Amino acid sequence: MKADGLRRIWFAAASLILGAPLAHAQGLPQPPAEPPAKIEIVSKPIASFDPREPQRRTFGTLVFRGGLELASAHKQFGGFSGIRVLNDGRFLAINDKAYWLRGRISYRGDAPAGIGEAEIAPMLYTDGRPITARGWYDSEALTEDGGIVYVALERVHRILRFDYGKRGLLARGSLVKVPPEFAKLRSNKGIECLQIAPKGSPIAGALIAISERTPDAANNIRGFLIGGPKPGIFAVKPSDDFDVVDCALAPNSDLLILERHFSWRRGVAMRLRRMPLSEVVPGAVLEGKVLITADMGYQIDNMEGLSVHRSPNGETVLTLVSDDNFSVIQRTLLLQFTLLDE
């Protein structure tokens, strides 16, 4: 990667750490909810994950399939912090301004080639108004279960339930009861990982929720099991100053955790860890195995969203999306990898 590209990513990371949070005035008159809008998304292909070795495809147990740099003229496009992708290319994403984005990824062979059928719309509350009218906006994580979509909101530390299967982008969110310990979450270090435990697991039906970096008494990262047969609190052991930014379940039910690091010396970096779901129980401290670590030498930005799906030929595909913080010096990236069986 050229030096100017590295500098752009480095300053993008700096804006992430030092920039002011998005401003949403509470108590002021709010316009009526916007209907879903069809938008055009322009994509630029990313052929190699490591520009220093363009032919390299394998990174540990991950194989790079391809990626896209995305852009749109729509004013609410960007800031993506969560995504769920289906095996037919359809996806649902959320951004920091409490907007949905849905569309379909097209492919050239195994590599993403573009985004079509794109629509964007604000998240609505039970009263039919945008949730931003309540001062809620920092939507950071989502998961789906049988057409029901759950979204975690940072800063206000709430989880909303949407019947997306019935109403799509017009679904109205209702509050999910959360543990009283949510009140101890740090303002900008709240829930970033949200996942429904699958049927057949000991914690089936529970919402797995992990904070970005709210420490417990032992300085581990707080996690919660909400509902299900064994509700309670667990933790993730931090290392190398990485923060949790998303999670997803692999087909074998391992929990994959996406993490981000920033320092003035190293800039921004991403990491993926793999943890057996069987270890996610109240009182546990999870550590897991690192699958990949990537710094600014690779094609990354502020990677914040993670999804896992099976391809039509049965491969396990990881999709990562970046949060550009609505900054002109950052990029919206969509990257895909095949996760190899160990």
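Remember, it's a predicted structure, so these values are computed and weren't measured experimentally. Values reported hereafter were calculated over all heavy atoms of this structure, with side chains retained and with hydrogens, waters and symmetry mates removed.
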*Could you walk me through whether Leu62 and Leu339 pass the side-chain contact (heavy atoms from CB on, under 4.5 Å) check?*
CA-CA 5 Å; Leu62 299 182; Leu339 176 62; 3.6 Å; yes
*Going through the distances and angles, do Thr316 and Val308 end up as a side-chain contact (heavy atoms from CB on, under 4.5 Å)?*
CA-CA 7 Å; Thr316 300; Val308 179; 3.7 Å; yes
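At a threshold of 4.5 Å between side-chain heavy atoms, the hydrophobic network of Ile, Leu, Val, Met, Phe, Trp and Tyr places Ile292 and Leu306 in one connected group. By the rule that hydrophobic residues join a cluster once side-chain heavy atoms approach within less than 4.5 Å of another member, Ile233 and Ile196 end up as members of one cluster. A continuous path of ILVMFWY side-chain contacts below 4.5 Å connects Tyr125 to Val149, so both sit in one hydrophobic cluster. There is a path of hydrophobic side-chain contacts, each under 4.5 Å, that joins Leu318 to Phe59. Val151 and Val178 are assigned to two separate hydrophobic clusters, defined by single-linkage of ILVMFWY side chains at heavy-atom distances under 4.5 Å.
Considering only heavy atoms from C-beta on, Val245 stays 4.5 Å or farther from Met270 through its side chain. Put simply, the side chain of Leu124 does not reach to within 4.5 Å of the side chain of Ile131, judged on heavy atoms. Counting heavy atoms from C-beta outward, Arg155 and Tyr137 have side chains that approach closer than 4.5 Å. The shortest side-chain heavy-atom distance between Asn188 and Asp138 falls under the 4.5 Å cut-off. Contact annotation: the side chain of Ile203 approaches that of Val280 to within less than 4.5 Å [non-hydrogen atoms, C-beta and beyond]. Contact check for Ile208 versus Leu194: no side-chain heavy atoms found under the 4.5 Å cut-off.
Every residue two or more places apart in sequence or in another chain was checked for a side-chain hydrogen bond (donor to acceptor under 3.5 Å, both in side chains) with Thr214, and none qualifies. When the ring pair (Phe, Tyr, Trp, His ring centres under 6.0 Å) test is applied to Phe337, the partners found at least two apart in sequence or on another chain are Phe49, Phe64. For Asn313, the side-chain contact (heavy atoms from CB on, under 4.5 Å) partners two or more places apart in sequence, or in a different chain, are Ser311, Glu315. Applying the side-chain contact (heavy atoms from CB on, under 4.5 Å) test to Cys193 and every residue at least two apart in sequence or in another chain returns Ile210, Val244, Cys247. Residues satisfying the ring pair (Phe, Tyr, Trp, His ring centres under 6.0 Å) test with Phe182, not counting sequence neighbours, are Phe224. With sequence neighbours excluded, the residues that form a ring pair (Phe, Tyr, Trp, His ring centres under 6.0 Å) with His261 are Phe242. With sequence neighbours excluded, no residue forms a ring pair (Phe, Tyr, Trp, His ring centres under 6.0 Å) with Tyr150.
Counting only distance, with no hydrogens or angles, the side chain of Asp110 and the backbone of Arg65 share no donor-acceptor pair below 3.5 Å. With hydrogens and angles ignored, the 3.5 Å screen pairs a side-chain donor or acceptor of His157 with a backbone N or O of Leu185. Side chain of Arg310 to backbone of Gly314: a donor-acceptor contact under 3.5 angstrom is found. When atom types are taken as modelled, the side chain of Ser72 and the backbone of Glu40 share a donor-acceptor pair closer than 3.5 angstrom. Without hydrogens or angle criteria, Asp145 side chain to Ile148 main chain gives no donor-acceptor distance under 3.5 Å. Counting only distance, with no hydrogens or angles, the side chain of Ser81 and the backbone of Ser139 share a donor-acceptor pair below 3.5 Å. The main-chain N or O of Asn302 is never found under 3.5 Å from a side-chain atom of Ser322 such that the two would form a donor-acceptor pair. In this structure, the side chain of Ser327 engages the main chain of Ile329 through a donor-acceptor pair within 3.5 Å. Formation of a donor-acceptor pair under 3.5 Å by the Glu144 side chain with backbone atoms of Gly147 is found in this model.
Across Ala206 and Gly227, no two heavy atoms sit closer than the pair CB-O, 3.6 Å. The shortest non-hydrogen separation linking Pro238 to Ile221 is CB-CD1, 4.0 Å. When all heavy atoms of Leu249 and Pro198 are compared, the pair lying nearest together is CD1-CD, 3.4 Å. Residues Ala204 and Pro229 come closest through the heavy atom pair O-CD, 3.3 Å. Contact record, Asp301 with Asp323: OD1-O, 4.3 Å, taken as the closest heavy-atom pair. The two residues Ile226 and Pro179 come nearest to each other via the heavy atoms CG1-CD, 3.9 Å.
Among residue pairs with one or both ends in residues 77-93, those qualifying as salt bridge (charged side-chain N to carboxylate O under 4.0 Å, His left out) are Asp88-Arg90, Asp88-Arg104; sequence neighbours excluded. Residue pairs meeting the salt bridge (charged side-chain N to carboxylate O under 4.0 Å, His left out) criterion with at least one member in residues 219-247, sequence neighbours excluded, are Lys189-Asp243, Arg213-Asp241, Arg213-Asp243, Asp240-Arg271. Applying the ring pair (Phe, Tyr, Trp, His ring centres under 6.0 Å) test to every pair with at least one member in residues 185-206, sequence neighbours left out, gives no pairs at all.
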Let me have the donor-acceptor pairs involving side chains of residues 158-171, under 3.5 Å, with sequence neighbours excluded, atom names and distances please.
residue: Arg158; atom: NH1; partner: Val156; partner atom: O; Å: 3.1
residue: Asp163; atom: OD1; partner: Lys166; partner atom: N; Å: 3.4
residue: Tyr164; atom: OH; partner: Arg102; partner atom: NH1; Å: 3.3

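Distance check, rounded to the nearest 0.5 Å: CD of Glu119 to NZ of Lys38 gives 4.5 Å. To the nearest 0.5 Å, the span separating CD on Glu192 from CD1 on Ile257 amounts to 12.0 Å. The CG atom of Leu153 sits 7.0 Å away from atom CH2 of Trp136, with the distance rounded to the nearest 0.5 Å. Atoms CZ and NZ, on Arg331 and Lys44 in that order, are 8.0 Å from each other to the nearest 0.5 Å. Between the CD1 atom of Ile191 and the CG atom of Leu207 there is a distance of 10.0 Å, given to the nearest 0.5 Å. The distance from the OG atom of Ser48 to the CD atom of Gln299 is 6.5 Å, given to the nearest 0.5 Å.
Residue Glu287 is tested with Glu279, Arg273, Met275 for a side-chain contact (heavy atoms from CB on, under 4.5 Å); the sole match is Arg273.
Connectivity analysis of hydrophobic side chains (ILVMFWY, heavy atoms under 4.5 Å, direct or indirect) links Leu68 to Ile39, Ile41, Leu70, Phe77, Phe80, Ile83, Val85, Phe91, Tyr99, Leu101, Ile105, Tyr107, Ile115, Ile120, Val321, Leu334.
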